[in-house]
Amino acid sequence: MAGKDIGQRGSATGRKGFDYLIVGAGFAGSVLAERLANELDKRVLIVDKRPHIGGNAYDRYDDHGVLIHPYGPHIFHTNAADIRDYLSRFTEWRPYEHHVLASVDGQLVPLPINLDTVNRLYGMTLTSFEMTSWLDSVAEKKTEINNSEDVIVNKVGRELYNKFFRGYTRKQWGLDPSELDASVTARVPTRTNRDARYFNDSFQAMPLHGYTRMFEKMLAHPNIKVMLNTDYREIAGLLPWDHMVYTGPIDAFFDFEFGRLPYRSLRFEHRNLPTAQFQSVGTVNYPNDCAYTRISEFKHITGQQHPTTSVVYEYPTADGDPYYPVPRPENAALYKRYEEAAERCTDVTFVGRLATYKYYNMDQVVGQALTAFKRLRARHGAVEAGSGATDG
Ligand code: FAD
Ligand code: UDP
């Protein structure tokens, strides 16, 4: 039964049943559930096929008592004060600036590429000013930036591109950087100073008691019912609801009608080690050797003190849970067909990284969900104004 054909819309009159069926309890679904319940007093059923809330940002204590991110390291960062303020209603924060080292030429050097990276790799003592001229001398200047290779060679030249980006990207995506949109590698800045933080954003912090606790607070409203271990297709036809918010993969919703949208997956290998610290920073990237792309150690990220430590290795795979949309022109064209079909489903709102096929960070998904809420609120306002006019 196609996702688009099921359900009992329009039957939730007289406040029986649910006003909203929300599919997915990650950031997209949870923000909308919270807003609809708290601000509009809507009755919401939020379902997730996984056994927990939080989507990919879910965290939990492992068997050794270390707080881990089962779906890979999640570091919160944003430039948007309104998004920070919104989430601050549900959590306090622990300031945290993520640092990454890359294993290149037998050394662990800072990533993003900065002054120290270049000086250490090449045994130089450049100043910031000199590094700017040095980069100019090695960069392959492009008149047009068309893909993820162009972005990097244009800034740092082919040699650094080969050392840091080519192998990692081929491993991570199963594609050459030249086959991916420029936006993918453009996520990683280049610096001529000694700033070794992975992100540039003005606000960089972790939820003080973890993501799951934050999600619990978002969903703690008497109008919100949470149903886990449930694919929405199992229940959408059984319960009355007026409007659906869908945050799963958009091609699955339409039964892959136009073909499969590629989503990149990962296999996470979690390990606990009988030592207080495994590596000196939160994440070490392995662009050229090893089948995994990176190893992250959670205690750096969460600030937890514990006699043992837990780490995760990320092995990219083609099959498995969908984690990353794959930004490249042919996929954008296929997504557009699904997007047009989605626009015709007026009783379903598509939000989130999988449902809108956007390589979004957590803060961007929160922003997208808050915008979607404003549209829904305006619609309710219009309906109420309309019914008021009829009644009057
Ligand atoms: P999701 O979290 O994927 O939630 C969608 C939910 O829908 C899932 O729980 C799924 O089970 C459920 N679902 C799907 N289909 C169905 C169905 N048929 N029935 C019921 N439920 C269904 N962002 C950052 O800002 N910083 C980071 O450091 C960061 N690190 C990341 C590391 C990794 C390895 C990955 C994969 C992502 C990372 N992200 C990071 C991105 C972040 O995970 C996403 O932006 C965010 O979690 C997306 O939220 P969402 O609600 O759109 O999707
Ligand atoms: N990247 C790379 N080498 C690195 C780190 C990143 O080539 O050491 C490229 C790669 O294509 C990656 C992209 O930059 O997918 C974005 O990196 P980011 O760390 O933002 O990826 P995410 O945390 O979303 O997996």
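Ligands are counted one by one from 1 in listed order, and the atoms in each one are counted from 1 as well. For clarity, every value in this text was computed on a predicted model and none was experimentally measured.
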Anything under 3.5 Å between a donor and an acceptor, one on a side chain of residues 369-378, the other on a protein residue two or more places apart or in another chain? List them.
unit_1 : atom_1 : unit_2 : atom_2 : d
T371   : OG1    : G367   : O      : 3.0
R377   : NH1    : E39    : OE2    : 2.5

Which pairs of donor and acceptor atoms, one on a side chain in residues 280-289, lie under 3.5 Å apart (sequence neighbours left out)?
unit_1 : atom_1 : unit_2 : atom_2 : d
T283   : OG1    : H98    : NE2    : 3.1
T283   : OG1    : S296   : OG     : 2.9
N288   : ND2    : K163   : O      : 2.9

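Here CZ of F298 is found 13.0 Å from OH of Y61. Values are rounded to the nearest 0.5 Å.
The residue among V23, D48, I75 with a heavy atom at the shortest distance from atom 10 (C) of ligand 1 is D48. Comparing heavy-atom distances from atom 23 (N) of ligand 1 across M227, M362, R353 singles out M362 as nearest.
The ligand atoms of ligand 1 that sit less than 4.0 angstrom from a heavy atom of T230 are 19 (N), 20 (C). Per-residue contacts place V365 under 4.0 angstrom from the following atoms of ligand 1 (heavy atoms of the residue considered): 45 (O), 48 (C), 49 (O), 52 (O). Near P73, with a cut-off below 4.0 Å to any heavy atom, the atoms of ligand 1 are 28 (O), 29 (C), 30 (N), 31 (C), 32 (C).
Residue Y324 places a heavy atom under 4.0 Å from ligand 1.
Between the side chains of H243 and R379, at least one donor-acceptor pair of N or O atoms lies under 3.5 Å.
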Give one line per pair: atom of ligand 2, protein atom, distance. Only N/O to N/O under 3.5 Å.
unit_1   : atom_1 : unit_2 : atom_2 : d
ligand 2 : 3 (N)  : F164   : O      : 2.9
ligand 2 : 7 (O)  : F165   : O      : 3.2
ligand 2 : 7 (O)  : T169   : OG1    : 3.0
ligand 2 : 8 (O)  : N285   : ND2    : 2.9
ligand 2 : 11 (O) : T169   : OG1    : 2.8
ligand 2 : 11 (O) : W173   : NE1    : 3.3
ligand 2 : 15 (O) : W173   : NE1    : 2.8
ligand 2 : 19 (O) : Y198   : OH     : 2.5
ligand 2 : 20 (O) : R187   : NE     : 2.8
ligand 2 : 20 (O) : R187   : NH2    : 3.2
ligand 2 : 21 (O) : Y359   : OH     : 3.2
ligand 2 : 23 (O) : R294   : NH1    : 3.0
ligand 2 : 23 (O) : R294   : NH2    : 3.4
ligand 2 : 24 (O) : R187   : NH2    : 3.1
ligand 2 : 24 (O) : Y359   : OH     : 2.6
ligand 2 : 25 (O) : R294   : NH2    : 3.3
ligand 2 : 25 (O) : Y324   : OH     : 2.5

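Applying the salt bridge (Lys or Arg N to Asp or Glu O under 4.0 Å) definition to pairs two or more places apart or across chains, none involves residues 207-222.
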